Amino acid sequence: MIKNEGYNIFLKEYAKISNFSIEKAEELTKNFIEAIRNTLSNYEIQNILLKRLGSFIVHEQKERNGTLFGKKEVVTFPAKKAIKFKFSRNAKEKIEENIKERKRKNGGVL
């Protein structure tokens, strides 16, 4: 498993809900992510909507000027496409509600 606490907790929850082993849950998660990447990169699709969760959106970043880390020269970064994820309103409200509840239970601390 990847050494990332949030990812590992997610895999345990996914495995529990689906009655899968953690290894199977990790394999399915990796396949899902790969399918999202392939769909957005190989097709002329601008977004993928996952009902009750949110959307993966292809976003065009404009060409911009900036400086390289550790150097003082100004360079131009080319325009590129990036993928953003935007939670649905319902998912966002549910997450914020759960955070408020955890703060209330823990005396203002997450």
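Computed from a predicted structure; not experimentally measured.
Each of Ile83 and Phe77 belongs to its own hydrophobic cluster when Ile, Leu, Val, Met, Phe, Trp and Tyr are linked at side-chain heavy-atom distances under 4.5 angstrom. There is no path of hydrophobic side-chain contacts, each under 4.5 Å, that joins Ile17 to Ile95.
No side-chain heavy atom of Ile57 sits under 4.5 Å from any side-chain heavy atom of Phe85. With a 4.5 Å cut-off on side-chain heavy atoms, Lys72 and Thr67 do not count as touching.
Screening Ile36, Thr29, Leu28 for a side-chain contact (heavy atoms from CB on, under 4.5 Å) with Phe32, the sole residue that qualifies is Ile36.
The existence of a salt bridge linking Arg37 and Glu34 is confirmed by a sub-4.0 Å separation between a basic side-chain nitrogen and an acidic carboxylate oxygen. Using a cutoff of 4.0 Å between basic side-chain nitrogens and carboxylate oxygens, Glu13 and Lys16 are scored as salt-bridged. With respect to the salt-bridge test (charged N to carboxylate O, under 4.0 angstrom), the residues Arg104 and Glu101 qualify.
Rounding to the nearest 0.5 Å gives a distance of 9.5 Å between CD1 of Ile48 and OG of Ser55. With values rounded to the nearest 0.5 angstrom, Glu96 atom CD is found 13.0 Å from Lys94 atom NZ. Rounding to the nearest 0.5 angstrom, the gap separating the NZ atom in Lys12 from the CD atom in Glu26 is 12.0 Å. The CD atom of Gln61 sits 12.5 Å away from atom CD of Glu63, with the distance rounded to the nearest 0.5 Å.
Ring-plane geometry between Phe10 and Tyr14 is classed as parallel, the angle between the planes falling under 30 degrees on a 0 to 90 degree scale with a further cut at 60.
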Please assess Arg52 against Asn90 for the test side chain to side chain contact (heavy atoms under 4.5 Å, CB included), listing each intermediate value before the final yes or no.
-> CA-CA 7 Å; Arg52 300 187 316 188; Asn90 293 339; 5.9 Å; no
